[in-house]
Amino acid sequence: MTVIILPGNITAAGISPDRWLDDYGDSLYRYALRKLGKTTDAEDMVQETLVAALQSRASYKGHASEKTWLTGILKHKIMNFIRIQVREKTVDDIGVLSDAAMENDAVSMFDTRGSWIYPPTDWGDPDKILHNHQFIDSFERCLKHLKPALAEVFSLKEIMGVSNQEICKKLDITMTNCSVMLYRARMGLRSCLETKWSDINNKEM
Amino acid sequence: MRSCKQISFLVSESQDRKLSFREWLSVKVHLQMCKACEQMARQIKLLRVTSTKYMSSEDHKSNRPKDHLSKEASDRIRKRLFCVSEKDKNK
């Protein structure tokens with residue numbers, strides 16, 4: 001392996017950017033890949049993380065282990081990456097949670113007494129569904145149909161595994177808003193999949 | 001007695017926090033009597049599993065290694081780090 005010795009490699013705190021790549025590159029990569037699912041994206045995230053770490057190494061106090069510190073940076077990079085990706089999909093959404101919007105999408109599945117207008121149906125054996133690429137494709141399409149603000153919250157939660165508290169802080173919304181947005185995202189996805197999946201199922205039968 | 005709409009919100013909540021005993025009980029009792037909500041609860045749970053599955057299936061065509069950085073990627077990152085630290089020095 002070629003080792004390029006970085007000038008000014010070892011700082012007073014004993015931080016060595018070149019060694020980060022050797023010591024933590026692979027584990028950071030695996031972490032990013034688990035979250036993003038795409039090798040090229042994961043590679044980019046590792047690079048951005050190490051560059052950011054290099055630029056802010058003065059702020060590393062050595063309280064946390066290097067690995068923890070770097071993983072923390074990586075986590076932020078991935079969160080921003082997901083946010084930007086979701087944002088880019090559509091720009092026409094204002095993402096404001098109004099009562100009118102609430103009544104519009106997810107909640108219009110219920111009548112005035114709060115009962116189902118179109119009762120959810122059985123999608124079949126979960127193990128089988130998960131191995132059906134048509135179901136995964138439908139899921140992807142439904143996620144894209146979701147309003148960007150909702151898709152963002154859903155992705156942060158279910159893909160990044162970010163806690164509701166962290167999402168609130170990141171997006172500067174209240175806990176209630178966060179719960180309601182997750183609810184709308186889930187119900188929106190559910191009802192979209194219900195339509196798409198039953199179409200596919202009916203064709204196959 | 002809570003409505004299906006209220007129950008669906010609690011089911012969504014249960015994915016993110018531990019429900020209070022009263023909430024949990026009202027969901028449990030409701031789901032036993034209401035087939036539609038029982039299906040909804042299954043579907044909501046399936047969404048979480050599907051998200052994980054979806055992310056790992058996106059890249060199945062790539063021939064890059066999954067457990068470590070490829071040689072090309074590490075070399076590229078190393079070069080980039082070198083450039084950044086040079087720039088830093090010249091500041």
Side-chain angles (χ1 to χ4, degrees), chain A residues 1-4 6-9 17-18 20-22 25-26 29-30 33-40 43 46-47 50-51 54-55 107 109-110 113-116 119-123 126 129-130 133 135-136 139-140 143 154-155 157-159 163-164 179-180 182-183 186-187 189-190 193-194, chain B residues 2-13 15-17 34-60 62-89:
Chain A
M1 187 168 57
T2 47
V3 178
I4 301 164
L6 293 172
N9 211 355
D18 206 34
W20 290 337
L21 184 60
D22 295 329
D26 290 343
Y29 173 69
R30 283 193 296 271
L33 190 57
R34 273 205 306 278
K35 302 294 184 190
L36 296 170
K38 223 169 151 184
T39 46
T40 45
E43 288 169 0
V46 174
Q47 174 165 319
L50 294 180
V51 168
L54 181 61
Q55 285 164 339
V107 190
M109 283 178 273
F110 300 98
R113 283 177 21 244
S115 299
W116 294 99
T121 58
D122 190 354
W123 290 353
I129 296 172
L130 284 170
H133 67 93
F135 182 78
I136 305 290
F139 175 79
E140 186 182 359
L143 193 59
F154 185 83
S155 304
K157 178 76 199 189
E158 302 298 357
I159 293 159
S163 73
N164 287 27
S179 302
V180 174
L182 275 170
Y183 171 64
R186 286 175 179 135
M187 295 304 267
L189 276 174
R190 189 209 68 76
L193 270 168
E194 178 94 40
Chain B
R2 291 176 204 254
S3 67
C4 294
K5 185 172 163 180
Q6 289 168 321
I7 292 297
S8 67
F9 185 71
L10 283 180
V11 168
S12 172
E13 284 278 280
Q15 297 282 293
D16 309 319
R17 66 172 174 92
C34 176
K35 210 160 164 50
C37 284
E38 194 208 339
Q39 293 301 345
M40 175 270 303
R42 280 167 194 261
Q43 294 171 354
I44 296 291
K45 278 178 201 145
L46 190 65
L47 287 179
R48 176 159 291 177
V49 193
T50 312
S51 308
T52 327
K53 174 89 184 165
Y54 161 65
M55 289 317 287
S56 58
S57 72
E58 237 201 348
D59 200 44
H60 58 281
S62 161
N63 52 12
R64 285 177 156 84
K66 300 271 188 275
D67 58 339
H68 62 90
L69 281 164
S70 65
K71 172 102 178 38
E72 296 75 37
S74 349
D75 287 350
R76 198 175 59 231
I77 295 171
R78 210 177 292 281
K79 270 189 204 137
R80 178 94 184 99
L81 286 173
F82 180 75
C83 291
V84 173
S85 69
E86 278 291 282
K87 238 202 248 159
D88 228 32
K89 223 174 49 173

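All figures in this text were calculated on a predicted structure; none of them were measured in a lab. Below, chain A is the first sequence line, B the second, and so on; all start at residue 1.
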Flag side-chain contact, heavy atom, 4.5 Å: E43(A) against S70(B): yes
Got a second to check how far E158(A)'s CD is from L47(B)'s CG, nearest 0.5 Å? 7.5 Å
Using a 4.5 angstrom heavy-atom cutoff, name the option from S8(B), A73(B), C34(B) with the most pairs to chain A. S8(B)
Go through S12(B) and M187(A) one step at a time and tell me if the side chain to side chain contact (heavy atoms under 4.5 Å, CB included) criterion holds. CA-CA 9 Å; S12(B) 172; M187(A) 295 304 267; over 6 Å; no
So W123(A) and Q43(B), do their side chains get closer than 4.5 Å, heavy atoms only? yes
Value rounded to 0.5 Å, distance of OG in S179(A) from CG in L10(B): 10.5 Å
Using 0.5 Å steps for rounding, measure from the OG atom of S74(B) to the CG atom of D22(A). 8.0 Å
For P126(A), the option from V49(B), L46(B), T50(B) that meets side chain to side chain contact (heavy atoms under 4.5 Å, CB included): L46(B)
Taking every non-hydrogen atom, the tightest pair across F110(A) and C4(B): CE2-C, 3.8 Å
What pair of heavy atoms forms the shortest contact from G114(A) to S3(B), and how long is it? O-CB, 3.6 Å
Minimum-distance pair of heavy atoms, taken over all atoms of L69(B) and Y29(A): CD2-CD1, 3.4 Å
To the nearest 0.5 angstrom, please state how far the CZ atom of F154(A) sits from the CZ atom of R48(B). 8.5 Å
Criterion side chain to side chain contact (heavy atoms under 4.5 Å, CB included) on D16(B) and K157(A), from CA distance to verdict: CA-CA 9 Å; D16(B) 309 319; K157(A) 178 76 199 189; 3.0 Å; yes
Please lay out, stage by stage, how L54(A) and S85(B) fare under the test side chain to side chain contact (heavy atoms under 4.5 Å, CB included). CA-CA 7 Å; L54(A) 181 61; S85(B) 69; 3.9 Å; yes
Locate the shortest heavy-atom distance separating C37(B) from W116(A); write the atom from each residue and the value. SG-NE1, 3.2 Å
Exercise: identify the closest heavy-atom pair between I44(B) and R186(A): CD1-CB, 3.8 Å
Under a 4.5 Å heavy-atom cut-off, does chain B meet the side chain of R113(A), its backbone, both or neither? backbone
Heavy-atom distance under 4.5 Å to chain B: side chain of L21(A), backbone, both or neither? side chain
Residue among N164(A), I129(A), D122(A) with most heavy-atom pairs under 4.5 Å to chain B: D122(A)
Please classify the contact between R76(B) and chain A as side chain, backbone, both or neither, with a heavy-atom cut-off of under 4.5 Å. both
For R42(B), which atoms come within 4.5 Å of any heavy atom of chain A: side chain, backbone, both, or neither? neither
Stepwise side chain to side chain contact (heavy atoms under 4.5 Å, CB included) check, T121(A) with Q39(B): CA-CA 6 Å; T121(A) 58; Q39(B) 293 301 345; 5.9 Å; no
